[in-house]
Number of protein chains: 2
Amino acid sequence: MLHDPAQLDRMFQALADPARRQMVDRLSRGPASVSQLAEPLAMSLSAVIQHLNLLEASGLVRTQKLGRVRTCQIEPTALRAAERWINERRLAWERRLDRLGDFLAETRDET
Amino acid sequence: MLHDPAQLDRMFQALADPARRQMVDRLSRGPASVSQLAEPLAMSLSAVIQHLNLLEASGLVRTQKLGRVRTCQIEPTALRAAERWINERRLAWERRLDRLGDFLAETRDET
DNA sequence: TTAACACTGAAGTATTTACTTAACTATTGC
DNA sequence: GCAATAGTTAAGTAAATACTTCAGTGTTAA
């Protein structure tokens with residue numbers, strides 16, 4: 001389910017917004033409540049909750065409510081999935097470059 | 001300039017679209033012309049070019065025109081910047097978890 | 001020289017996104 | 001109980017996005 005393309009879609013979509021990345025950044029330093037997440041952001045609490053719901057739907061953040069406070073934390077496995085997608089493409093490209101370099105070197109030797 | 005927040009913005013924004021990710025994926029297997037990029041996509045050439053321009057503006061893709069064909073290739077350093085952003089947050093979280101684990105272990109020992 | 005090719009740009013449109021405000025629910029502390 | 005706290009939901013709006021079509025431009029090959 002981590003390779004579900006729709007999930008990957010939602011993840012990259014979620015990371016596309018600066019406010020949401022700021023929220024992820026905040027959460028990378030430890031769990032936080034909704035109002036704590038909202039505090040540094042120049043928007044209404046309501047807007048923050050909408051962003052948070054997106055983050056949760058994307059799998060990047062997990063939340064649980066105890067009493068009246070919703071505590072949020074990062075889901076590192078989801079982050080790893082996004083990281084992996086990028087890494088695989090970059091490595092594919094770089095391996096290709098390496099092979100090309102080898103080929104050119106061999107070709108030069110054969111003159 | 002790889003840490004320019006506006007550039008990071010454009011990069012994650014660029015990766016948010018499935019069609020653009022498909023283009024990056026194609027390019028990870030080697031350079032391609034605009035029409036080659038467009039071929040598997042169910043949209044007009046014009047739309048593909050608009051996506052491509054976004055990818056180029058984000059720094060993820062570099063293109064050069066020779067005669068009438070524009071050849072596109074991946075810019076791995078840009079990909080690495082996105083990868084890094086995610087990685088740093090994930091590691092911060094995981095290091096925090098480790099420290100917490102150590103603390104709990106020590107606390108248990110002290111009983 | 002002309003026809004096909006590869007791509008580009010402008011303009012328009014439908015949809016999605018990122019908010020806002022306002023009214024509301026559930027918890028907690030006094 | 002009552003007020004403050006923490007969060008939620010719905011509805012509306014302005015701007016951004018992802019396309020489309022169409023009318024081009026420059027390049028190549030016959």
Side-chain angles (χ1 to χ4, degrees), chain A residues 5-27 30-75 82, chain B residues 5-27 30-75 82:
Chain A
Q7 190 66 9
L8 216 75
D9 250 39
R10 270 175 256 127
M11 226 149 48
F12 277 113
Q13 182 67 39
L15 289 172
D17 187 89
R20 285 192 294 263
R21 280 206 309 284
Q22 204 178 324
M23 291 166 77
V24 169
D25 185 51
R26 165 63 187 81
L27 289 177
S33 70
V34 176
S35 357
Q36 285 173 330
L37 275 185
E39 195 265 322
L41 298 172
M43 66 181 71
S44 70
L45 225 207
S46 198
V48 172
I49 289 172
Q50 291 170 53
H51 282 305
L52 179 57
N53 289 341
L54 252 174
L55 282 170
E56 192 166 24
S58 79
L60 286 166
V61 165
R62 197 154 40 90
T63 78
Q64 54 193 337
K65 199 156 182 173
L66 273 176
R68 60 183 169 183
V69 5
R70 169 144 76 138
T71 303
C72 314
Q73 46 176 254
I74 276 192
E75 189 58 70
Chain B
Q7 190 68 8
L8 216 72
D9 250 39
R10 270 175 257 127
M11 225 148 49
F12 277 113
Q13 182 67 39
L15 288 173
D17 187 89
R20 286 192 294 264
R21 279 205 310 284
Q22 205 177 324
M23 292 165 76
V24 168
D25 185 50
R26 165 64 187 80
L27 289 177
S33 70
V34 177
S35 355
Q36 283 174 331
L37 274 184
E39 195 266 323
L41 298 171
M43 66 180 71
S44 70
L45 226 206
S46 198
V48 172
I49 289 172
Q50 290 170 53
H51 282 305
L52 179 57
N53 289 341
L54 251 174
L55 282 170
E56 191 165 26
S58 79
L60 287 168
V61 164
R62 198 154 38 91
T63 77
Q64 54 192 341
K65 198 155 184 174
L66 274 175
R68 61 186 168 182
V69 8
R70 167 142 79 136
T71 303
C72 314
Q73 49 178 251
I74 276 192
E75 188 58 71

Using nucleotides 26-30 of chain D, report all nitrogen or oxygen pairs with the protein that are shorter than 3.5 Å.
| from | atom 1 | to | atom 2 | distance (Å) |
| --- | --- | --- | --- | --- |
| D:dT27 | O2 | B:Arg68 | NH1 | 3.1 |

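If you measure from atom CD1 of A:Ile49 to atom C1' of C:dA26, you get 13 Å, rounded to the nearest angstrom. Rounding to whole angstrom units, CG of residue A:Leu41 and C1' of C:dC19 are separated by 13 Å. For the pair A:Leu55 CG and C:dA18 P, the computed distance is 11 Å after rounding to whole Å. Taking atom CE of residue A:Met23 and atom P of nucleotide C:dC19, one finds them 11 Å apart after rounding to whole Å. Rounded to a whole Å, the CG atom of A:Asp9 is 14 Å from the P atom of C:dT16. Here C:dT17 presents its C1' atom at 15 Å from CG of A:Asn53, a figure rounded to the nearest Å. The nearest whole Å value for the distance from the CZ atom in A:Arg10 to the P atom in C:dT16 is 15 Å.
Contact check for B:Arg21 versus A:Asp9: side-chain heavy atoms found under the 4.5 Å cut-off. Annotation: side chain of A:Leu55 is in contact with side chain of A:Val24 (closest heavy-atom distance under 4.5 Å). At least one side-chain heavy atom of A:Val34 sits less than 4.5 Å from a side-chain heavy atom of A:Ile49.
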Would you sketch DNA chain C in dot-bracket for me? Only Watson-Crick or G-U wobble pairs with both distances under 3.5 Å count, crossing pairs as [ ], other-strand pairs as |, the rest as dots.
||||||||||||||||||||||||||||||
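For B:Glu39, there are no salt bridge (charged side-chain N to carboxylate O under 4.0 Å, His left out) partners at least two apart in sequence or on another chain. Remark: A:Gln22 pairs with A:Pro40, A:Leu41 by the side chain to side chain contact (heavy atoms under 4.5 Å, CB included) rule, at least two apart or across chains.
Residue B:Leu27 holds its CG atom at 8.5 Å from CD of B:Gln73, rounded to the nearest 0.5 Å. A distance of 11.5 Å separates CG of B:Leu15 from CE of A:Met11, quoted to the nearest 0.5 Å. Once rounded to the nearest 0.5 Å, the distance linking CE of A:Met23 with CG of A:Leu52 reads 4.5 Å. Taking SG of A:Cys72 as the start and CD of A:Glu56 as the end, the distance is 7.5 Å to the nearest 0.5 Å.
Pairs of residues two or more places apart, or lying in two chains, that qualify as side chain to side chain donor-acceptor pair (under 3.5 Å) and include a residue from residues 41-55 of chain A are A:Arg20-A:His51, A:Asn53-A:Arg70.
Inspection of the B:Gln7 and B:Arg10 side chains reveals an N or O donor paired with an N or O acceptor under 3.5 Å.
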How does protein contact run along nucleotides 17-22 of chain D, one letter per nucleotide 5' to 3', with B for base contact, S for sugar-phosphate only, - for none, heavy atoms under 4.0 Å?
SSBBB-
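Considering only side-chain N and O atoms, A:Lys65 lies nowhere under 4.0 angstrom from the phosphate OP1 or OP2 of C:dA26.
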